[in-house]
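Read through the structure below, which is laid out as structure tokens, and then see the notes.
FYI, the numbering just counts along the sequence from 1.
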Amino acid sequence: MNRVPVILLGVALVFALAAAGLMWRAMDQSGGEMAGAAPIGGPFRLIDQDGRIRSDRDFRGHWVLLYFGYTSCPDVCPATLQNIADALPRLKAKARNIVPVFVTLDPDRDHPQTLKRYLASFGPQFVGLTGTLPQITAIAHAYRVYFAKHPLPGGDYSVDHASTIYLLSPAGTFVTVFDTQEGAAALAKDIAARI
């Protein structure tokens with residue numbers, strides 16, 4: 001019997017366990033972030049769908065489901081917002097302390113009144129935020145959200161973007177992300193396990 005593969009497997013297992021131990025030691029015990037990693041999130045001041053200035057501090061005391069997209073998005077954005085809208089009633093009493101927040105990545109087209117009309121389809125609990133392109137770029141950068149205009153024939157454009165639902169704590173800190181492709185039931189179960 002050839003012992004070389006068994007020895008190599010044992011050595012690989014030792015290295016894997018050592019790497020896992022080093023990663024565990026590098027974890028920040030307060031929140032699970034890797035030590036030295038840049039934090040996710042940060043302060044912002046944007047305009048809501050009613051034309052009021054809103055900052056991150058306005059949402060303190062509430063869990064926030066934060067999603068970045070744009071109102072002309074043909075599929076992913078409306079499907080994700082509908083999943084959030086459908087997940088909230090499944091959370092029963094917990095839903096009263098959750099604010100779903102939609103931040104546009106297309107401030108050139110998504111003015112407050114555009115957001116107001118768009119979000120009315122998903123429910124009155126949704127808050128829509130817009131601002132100048134530098135303000136939107138700053139919040140997208142803070143949450144590590146990629147976005148870029150993509151030209152379309154005829155002079156129009158779409159916005160390529162990362163699609164992630166962020167959960168923020170009542171203290172305004174990043175907790176976790178949720179998969180935008182899971183259905184409302186799975187999303188509600190994941191949210192309930194975290195809040």
Side-chain angles (χ1 to χ4, degrees), residues 26-73 76-77 80-81 83-85 87-88 91 94-116 118-120 122-149 159-180 187 190-191 193-195:
M27 295 293 278
D28 174 6
Q29 298 300 310
S30 65
E33 295 278 332
M34 291 295 288
I40 295 176
F44 61 83
R45 279 177 56 88
L46 297 169
I47 309 256
D48 74 7
Q49 71 264 39
D50 295 315
R52 294 176 298 178
I53 295 174
R54 302 291 290 269
S55 81
D56 54 297
R57 301 195 66 77
D58 293 330
F59 302 102
R60 295 295 191 268
H62 298 279
W63 292 93
V64 172
L65 292 173
L66 182 65
Y67 182 71
F68 294 82
Y70 67 112
T71 64
S72 300
C73 180
V76 175
C77 298
T80 300
L81 294 175
N83 275 343
I84 293 170
L88 291 175
L91 293 165
K94 289 184 176 184
R96 287 195 295 265
N97 200 34
I98 298 173
V99 180
V101 177
F102 175 76
V103 178
T104 183
L105 296 171
D106 186 11
D108 292 338
R109 293 187 291 199
D110 289 346
H111 304 286
Q113 60 273 22
T114 308
L115 289 173
K116 188 170 187 124
Y118 182 72
L119 292 175
F122 304 106
Q125 69 274 36
F126 279 78
V127 174
L129 298 175
T130 189
T132 65
L133 184 57
Q135 288 172 318
I136 296 301
T137 301
I139 188 173
H141 179 75
Y143 283 91
R144 304 179 193 171
V145 174
Y146 161 81
F147 76 105
K149 281 186 179 180
V159 179
D160 295 335
H161 65 93
S163 184
T164 303
I165 301 169
Y166 295 82
L167 177 65
L168 308 181
S169 76
T173 58
F174 168 79
V175 176
T176 192
V177 294
F178 299 120
D179 183 355
T180 58
L187 179 59
D190 288 348
I191 293 168
R194 291 293 193 151
I195 66 173

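- Side-chain atoms of Thr71 and Asp110 include a donor-acceptor pair closer than 3.5 Å.
- In this structure, Trp63 and Val175 have side chains that are in contact, with non-hydrogen atoms separated by less than 4.5 Å.
- Between the side chain of Tyr67 and the main chain of Thr80, no donor-acceptor pair closer than 3.5 Å is present.
- In this structure, the separation between CD1 on Ile84 and CD1 on Ile165 is 4.0 Å, given to the nearest 0.5 Å.
- Arg54 places no side-chain N or O within 3.5 Å of a backbone atom of Ile47 that could act as its donor or acceptor partner.
- Between Phe102 and Tyr118, the ring-plane angle classifies as tilted under the 30° and 60° cut-offs.
- Of all heavy-atom pairs between Leu105 and Tyr70, the closest is N-CB, 4.4 Å.
- If you take NE2 on His62 and CD1 on Ile195, they are separated by 12.5 Å, rounding to the nearest 0.5 Å.
- Atom CZ of Arg96 is separated from atom CG of Leu91 by 11.5 Å, given to the nearest 0.5 angstrom.
- A donor-acceptor distance shorter than 3.5 angstrom exists from the side chain of Asp48 to the backbone of Asp50, with no hydrogens or angles considered.
- Note that the CG atom of Leu168 and the OG1 atom of Thr173 stand 7.5 Å from one another [nearest 0.5 Å].
- The line from CG of Asp106 to CD1 of Ile136 is 9.5 Å long, rounded to the nearest 0.5 Å.
- The side-chain heavy atoms of Leu167 and Leu65, taken from C-beta on, include a pair separated by under 4.5 Å.
- Considering only heavy atoms from C-beta on, Val159 stays 4.5 Å or farther from Cys73 through its side chain.
- Considering every non-hydrogen atom in both Lys149 and Asp108, the closest pair reads NZ-OD2, 2.9 Å.
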Going through the distances and angles, do Phe68 and Phe147 end up as a ring-ring contact (aromatic ring centres under 6.0 Å, His included)? CA-CA 9 Å; Phe68 294 82; Phe147 76 105; 8.6 Å; no

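- A donor-acceptor pair under 3.5 Å is formed between the side chain of Gln49 and the backbone N or O of Gly128.
- The main-chain N or O of Ser55 is found under 3.5 Å from a side-chain atom of Asp58 such that the two form a donor-acceptor pair.
- Rounding to the nearest 0.5 Å places CZ of Arg194 at 4.0 Å from OG1 of Thr176.
- Between Gly42 and Ala142 the shortest heavy-atom distance is N-CB, 4.3 Å.
- Closest approach of Gly69 and Cys77 over heavy atoms only: CA-SG, 3.6 Å.
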